[in-house]
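Chain letters run A, B, ... following the sequence lines, proteins first and then strands; every chain starts at 1. Bear in mind that the values here come from a model prediction, so they are computed numbers and not experimental data.
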Amino acid sequence: MNLFLYNSITKKKDEFIPLDVNKIRMYVCGPTVYDEPHIGNARPVIVFDLLYRILRNFYGNENVTYVRNITDVDDKINKIASEKYPDIETNLAINKLTMDIEKKFKDYASKLECLSPSIEPRATEHISEMIEIIECLIDKKSAYVVDGHVIFDINKYDKYGSLSNKSQKDLIAGARIEVATYKNNPLDFVLWKPSQPNEPYWDSPWGKGRPGWHIECSAMSSKYLGQEFDIHGGGIDLIFPHHENEVAQSCSYHSNEHMAKYFVHNGTLNIEGKKMSKSLGNVVSLNDMLDTYHGAILRFTMLRTHYRQPIDWTKNSLEESKNILKKWISVSNKDSLRAQEVPSEFYETLLDDINTPQAITKMHAYFSNKEYDKLFGALNFLGINIKDLSHSMISEQNSKKDAIDETEVNKLIEERNSARKAKDYKKSDEIRNKLELMGIKLQDDGDKSTWEYIND
RNA sequence: GGCCACGUGGCCGAAUGGUUAGGCGCGGGUCUGCAAAACCCUUUACUCCGGUUCGAUUCCGGACGUGGCCUCCA
């Protein structure tokens, strides 16, 4: 069976036919590093990590190149850097902020058990490539210069709007912002803009300035993946204007029909039924999330919903994931770690537009049928490291055990077991209740009793 | 306001023009002094209104609802 992916260009599920089977190329829009990464950032990271694994499995590890950029030039970055480090010089403050967030982002990605992309280029290291593209676009009359701004002229790109399925007429009708006076057309967008004295800048043919949004992805994808590549990924909220503008720039620059053969977009994430936003105060940071749940649990929770569906991020769902994984881990052994074979029915559902919920259904069946090799082979393929997770679950118990007086607990358990032997069940139940009040759940196994700390 | 997507049982969540999705929870049972865990059984849904069809949750139209984008937020 071949791989099928929903392609935003054609708006349907297409068979994936690479441009070159020996050189599979995927570009995914990475984070703009201006603020603490949140759980919404994690979705594309996890989804495209899984797609990367599928591609590697299908075409061979060495034949797949995965580029995920770091956008470290952005007006929000400037604003936050100056607020956060008011006493430091602008460029240093920006560097401090972006390096810090980038480091966190990579750390979280690895805790979510994501493989490192082949290349993680930073925008600021590709300014000259951006300038080169902009110059070419001016030469081709796809862009014009006004007072230090360079603006892309969307009327020079016929297919503008086709990716995001928008018409110029609708966009203008729906516009709610004032049109910048330097634009010929309200929908034209900025490739380069002049910098004020307190803003970071690079020298350019149009004076001291900085790139607009979008151009960094055109520059970096061209550099590392070529004029046209296989898959361009990112969140659906990026389809307009970001991806639309990237396509317009890249295709005009290369005189190409396509920037990427397939555009793959993941759905959005809500928090307890509401959209995550700063104004609602419900932004969940990855840092907090990873403090509460092991990365594998977050990863599994993310994959329990199909990547194109909106996902509702709830505590209930996380707890359910945790219980399922706990149950599966309970039947693992040393061989489980070595289960490398990917069961074919499971794999085929993944090839069908990465249908993870259905793949997980197969895993439930493997568990019920005691086909543990298949179960752990599948878990392994999903990138869920059971060894690490089970260690974490054990140490979680241990750290909770540390918080209470274990000798006291053991003494009570002994007392209770002798009461049980003497068939003094009234007393044994009293002790059980007492332990429960202490937050301890007992489990009798023959004449032995095991116990664990009750989670809140 | 404009454009777009989605709306499945208590909850999560797929597929599908006609046949049981699956998981969690609830309920019942086996086991256990009682529990827990485990296992077995059970729980028949597709927002509403029209249309197409022998037959629609599935296709088409409309209504309502939720969400996304149009504000350089994944």
Side-chain angles (χ1 to χ4, degrees), chain A residues 11 28-32 34-35 37-48 71 73-77 105 161 164-167 169-178 186-187 189-190 193 211-216 233-242 244-245 265-270 273-278 283 301 304-306 308-312 314 316-324 326-327 330-331 349 352 355-365 367-368 419-426 428-429 432-433 436 441-446 449-452 454:
Chain A
K11 277 107 187 135
V28 174
C29 288
T32 301
Y34 70 101
D35 207 353
H38 55 70
I39 190 68
N41 297 113
R43 193 167 191 198
V45 170
I46 292 169
V47 164
F48 291 101
T71 297
V73 48
D74 178 275
D75 287 354
K76 284 193 299 295
I77 294 176
F105 177 81
S164 55
N165 201 20
K166 288 180 185 297
S167 73
K169 194 173 132 263
D170 291 340
L171 284 167
I172 293 169
R176 282 191 281 181
I177 48 155
E178 282 184 42
L187 302 180
F189 57 92
V190 173
K193 55 187 164 187
W213 192 34
H214 323 302
I215 192 70
E216 82 281 11
I236 187 67
D237 54 327
L238 288 180
I239 194 169
F240 188 89
H242 187 52
E244 196 70 67
N245 292 356
H265 290 108
N266 63 269
T268 49
L269 179 144
N270 288 342
K274 294 205 170 104
K275 81 171 204 174
M276 180 166 62
S277 72
K278 282 183 183 160
V283 175
T301 302
R304 281 175 53 209
T305 299
H306 183 86
R308 280 193 286 117
Q309 290 295 115
I311 188 171
D312 193 16
T314 62
N316 196 34
S317 181
L318 285 159
E319 288 295 322
E320 195 174 318
S321 299
K322 188 175 172 178
N323 288 334
I324 293 167
K326 203 171 169 183
K327 186 172 83 174
S330 73
V331 298
T349 61
D352 182 14
N355 195 336
T356 49
Q358 195 141 76
I360 290 168
T361 294
K362 307 277 187 223
M363 294 164 76
H364 282 293
F367 178 81
S368 314
R420 284 174 67 210
K421 259 185 191 161
K423 296 202 192 305
D424 184 356
Y425 295 125
K426 192 178 170 227
S428 86
D429 286 348
R432 178 193 283 285
N433 290 340
E436 213 159 277
K441 192 168 77 179
L442 276 182
Q443 219 168 288
D444 293 337
D445 183 14
S449 297
T450 58
W451 60 278
E452 65 176 12
I454 302 165

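Side-chain proximity of His306(A) to A74(B), A14(B), G23(B): nearest is A14(B). Here the side chain of Phe367(A) is nearest to one of C39(B), G67(B), A14(B), namely C39(B). Side-chain atoms of Ser428(A) lie closest to G33(B) of the nucleotides G22(B), G33(B), C12(B). Here the nucleotide nearest the side chain of Gln358(A), chosen from A15(B), A74(B), G22(B), is A15(B). With G33(B), G22(B), C69(B) as the candidates, the nucleotide lying closest to the side chain of Asp237(A) is C69(B).
Spacing of P atoms, C4(B) relative to G22(B), comes out at 36 Å, to the nearest Å. A37(B) and C26(B) have their P atoms separated by 9 Å, given to the nearest Å. Taking atom P on both nucleotides, A14(B) is separated from G23(B) by 15 Å, rounded to a whole Å. Atom P of U8(B) sits at a distance of 15 Å from the matching atom of U57(B), rounded to the whole Å. Rounded to the nearest Å, the gap between the C1' atom of G68(B) and that of A74(B) is 12 Å. Separating the C1' atom of U47(B) from that of G67(B) is a span of 15 Å, rounded to the nearest Å.
When heavy atoms are screened at a 4.0 angstrom cut-off, Leu442(A) is found touching base atoms of the nucleic acid. Residue contacts shown for Phe240(A) are limited to sugar-phosphate atoms, with no base heavy atom under 4.0 Å away. Using a 4.0 Å heavy-atom criterion, one finds that Thr32(A) contacts the sugar-phosphate atoms exclusively. At the heavy-atom level, Asn323(A) lies nowhere under 4.0 Å from the strands shown. Leu269(A) comes within 4.0 angstrom of a nucleotide base, judged by non-hydrogen atoms across all strands. Nucleic acid contact class of Asn165(A) (heavy atoms, under 4.0 Å, all strands): sugar-phosphate only. Within 4.0 Å (heavy atoms only), Tyr34(A) reaches sugar-phosphate atoms of the nucleic acid but no base atom. Backbone-only contact: Leu238(A) has heavy atoms under 4.0 Å from sugar-phosphate atoms and none from a base.
Between His364(A) and Ile324(A) there is a side-chain heavy-atom pair separated by less than 4.5 Å. Using a 4.5 Å heavy-atom cutoff, the side chains of Asp429(A) and Arg420(A) are not in contact. Side-chain contact between Tyr425(A) and Lys423(A) is present, with heavy atoms from C-beta onward closer than 4.5 Å.
Atoms CD (Glu244(A)) and P (C3(B)) sit 17 Å apart, rounded to a whole Å. At whole-Å resolution of the value, CG in Leu187(A) and C1' in C69(B) are 13 Å apart. The CD1 atom of Ile311(A) sits 15 Å away from the C1' atom of C6(B) (whole-angstrom rounding). Computed from coordinates, the Lys326(A) NZ to G23(B) C1' distance equals 17 Å when rounded to whole Å. Protein atom CD1 of Ile236(A) is 10 Å distant from nucleotide atom P of A5(B), rounded to whole Å. When the C1' atom of A35(B) is taken as reference, atom OH of Tyr425(A) falls 13 Å away, rounded to whole Å.
At a cut-off of 3.5 angstrom, the base of A35(B) holds at least one donor-acceptor pair with the side chain of Arg432(A). Asn316(A) contributes no side-chain N or O that forms a donor-acceptor pair with the base of C12(B) under 3.5 Å.
The residue among Ser317(A) and Lys362(A) whose nearest nucleotide of RNA chain B is located toward the 5' end is Ser317(A).
Close to G23(B), at under 4.0 Å from its OP1 or OP2, lies no side-chain N or O of Lys327(A). At the phosphate of G13(B), OP1 or OP2 sits under 4.0 Å from a side-chain N or O atom of Thr305(A).
No more than 12 heavy atoms of other residues, nucleotides or ligands shown are found within 6.0 angstrom of NZ on Lys426(A).
Here the side chain of Thr356(A) pairs no donor or acceptor atom with the backbone of Ala359(A) at under 3.5 angstrom. A distance-only check finds a donor-acceptor pair linking the side chain of Arg43(A) to the backbone of Gly267(A) [under 3.5 Å].
Shown here, G65(B) forms a base pair with C6(B); the pair counts as Watson-Crick or G-U wobble because both key distances fall under 3.5 Å. Pairing of C59(B), defined by two Watson-Crick or G-U wobble distances under 3.5 Å, is identified with G51(B).
Using a 3.5 Å distance cut-off with no hydrogens or angles, the side chains of Ser321(A) and Arg304(A) do pair a donor with an acceptor.
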